[in-house]
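Shown next, in C-alpha cells, is the structure this report addresses.
None of these values were measured; they are calculated from a predicted model. One-based numbering, in listed order, for ligands and for the atoms of each.
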Amino acid sequence: MKRRQFVRTAAISAAVAGVAACAKEPAASGAPSAAAGQTFRWKMVTTWPPNFPGLGSGANRLAEMLDKASGGRLKVKVYGGAELVPALEVFDAVAGGTAEMGHGAAYYWKGKAAAASIFTAIPFGLSATEMNAWLYSGGGLELWREVYEPFGLIPFPCGNTGVQMGGWFNREINSVADLKGLRMRIPGLGGEVLQRAGGAPVTLPGSEIFTALQTGSIDATEWIGPYNDLAFGLYKAAKYYYYPGWHEPGSTLECIVSKRAYDSLPPDLQEILRIACAAVNDTMLAEFNARSYEALDSLVNVHKVDLRPFPADVLRFLRDLSRQIVAETAAKDAQFAKVYASASKFEAGIARWTKISDEAYYGTRSL
Ligand code: CA
C-alpha cells in the first residue's frame with residue numbers, strides 16, 4: 001500500500017490555515033512552514049499513452065507551465081496510462097489519493113456519474129468553441145464542479161481536440177444496415193448510440209486500439225483525428241476513414257485535482273493551476289488544428305487512405321438515436337437531466353449565433 005502523500009502540519013497563520021506539507025519535503029527548520037514558501041511535489045496520472053501527441057504532450061505542457069509559473073514551487077511528475085495506475089483508473093486514483101491530479105476525459109467516468117459524459121461531448125452537440133462558451137460563460141463549469149464534488153475532485157477544462165473523425169472501418173458504411181453487428185471502439189454517449197443502432201460498442205484505452213483493430217477483435221474504431229490516428233498507425237489496420245466525428249464534435253479534456261490537495265495550496269498556486277489549465281485548454285486545440293491538416297495530407301497522399309463522408313441518411317439516423325438516448329438518460333437520472341437541460345438550452349441559443357457567424361463564414365469559402 002502506498003502511504004499518504006501528505007501529512008498535516010500546523011499552520012502558522014490564518015492565511016495559511018489548513019496547509020499540508022509534502023511528506024518527502026519536510027520544513028528545513030523542523031518548524032511548521034508557510035505554504036507560500038513550500039515546494040509541492042505532485043503526481044499527475046493520465047489516461048493517455050506516455051508523451052502521446054496532443055493529449056500526453058498537453059499534460060506534459062501543463063506540468064511544465066506549473067513548474068515555471070510557480071518558480072518551481074509546484075512540481076508535477078506526469079505518468080502515462082498504466083505507468084502508475086491503469087489508464088481507466090485515473091479518476092479513482094485521484095479521488096483515492098494515489099495521485100494529486102489527473103488528466104483525461106470526463107466521459108470515461110460515466111459509470112461514476114452519467115452526467116460526466118456531457119462535459120466531454122454530446123453527440124451532435126456543442127463544437128469546441130461552443131463548448132468553451134458553455135463551460136466558461138454559460139454555467140457549464142459550475143455544474144461540472146457540482147457533479148465531481150461528492151468524489152472530492154475539482155475539474156478544470158484542460159484541452160480540446162476540436163471536431164474528431166468518425167473513425168476507421170474495415171467495412172463500408174453505405175446505409176444504417178451496415179451498423180448492425182459492428183464491433184467498434186467508441187466510448188461515451190456515442191457508444192450508446194451505436195448500440196441502439198445494432199452495433200456492439202467497446203471502451204478501450206488508446207494504447208489497446210491498434211492491436212484490437214489489427215487482430216479483428218473489433219471491426220472499427222474511433223480515436224481522435226488525423227494527428228493522433230496517424231501516430232497510432234491506424235491506417236495500417238483499417239481501410240476506410242470516415243468523417244465527421246458526429247459523436248465527438250469538440251471533446252473537452254479534463255484536469256482533475258484532489259480537493260484535499262488543492263486546498264493545501266496557497267492562493268497564488270491555486271490561481272496558477274487554474275490559469276495553466278485554461279492555457280492548455282487553448283493551446284491543445286491550437287495544436288490539434290495545426291497538426292490535423294498536415295496529418296490528413298499524409299494519410300491521404302502518402303498512405304492512400306480511403307477518406308469518406310458518412311452518408312447523410314446514416315447521420316440523420318444516428319442524430320435521431322442520439323436525441324432519444326439523451327432524453328431517456330435524462331428521464332432516469334436527475335443529475336444528467338439537470339446538466340443536459342443547461343447544455344441543450346445553451347446549444348439552442350448559441351446555434352442561432354453560430355449559424356450566422358462561423359457557419360455562414362465557412363460557407364463563403366466554397367461560394
Ligand atoms: Ca474519440
### Query
Is it true that Val339 and Ile154 fall in one hydrophobic cluster, defined by side-chain heavy atoms closer than 4.5 Å?
yes
### Task
Could you grab the protein N, O or S atoms closer than 3.0 Å to the Ca ion (ligand 1) for me?
Gln164 OE1, Glu222 OE1, Glu222 OE2, Trp223 O, Glu248 OE2
List the atom pairs, with distances to 0.1 Å, where a side-chain N or O of residues 204-218 and a protein N or O form a donor-acceptor pair under 3.5 Å, not counting sequence neighbours.
unit_1: Thr215; atom_1: OG1; unit_2: Thr211; atom_2: O; d: 2.8
unit_1: Thr215; atom_1: OG1; unit_2: Ala212; atom_2: O; d: 3.3
unit_1: Ser217; atom_1: OG; unit_2: Ala212; atom_2: O; d: 3.3

### Aromatic plane relationship, Tyr148 with Phe91 - under 30° parallel, 30 to 60° tilted, over 60° perpendicular
perpendicular
### Query
Measuring from Leu153:CG to Asp92:CG, what's the distance to the nearest 0.5 Å?
9.0 Å
### Shortest non-hydrogen contact from Tyr235 toward Trp168
CA-CZ3, 3.5 Å
#### Entry: Parallel, tilted or perpendicular: ring planes of Phe169 versus Tyr242, cut at 30 and 60 degrees
perpendicular
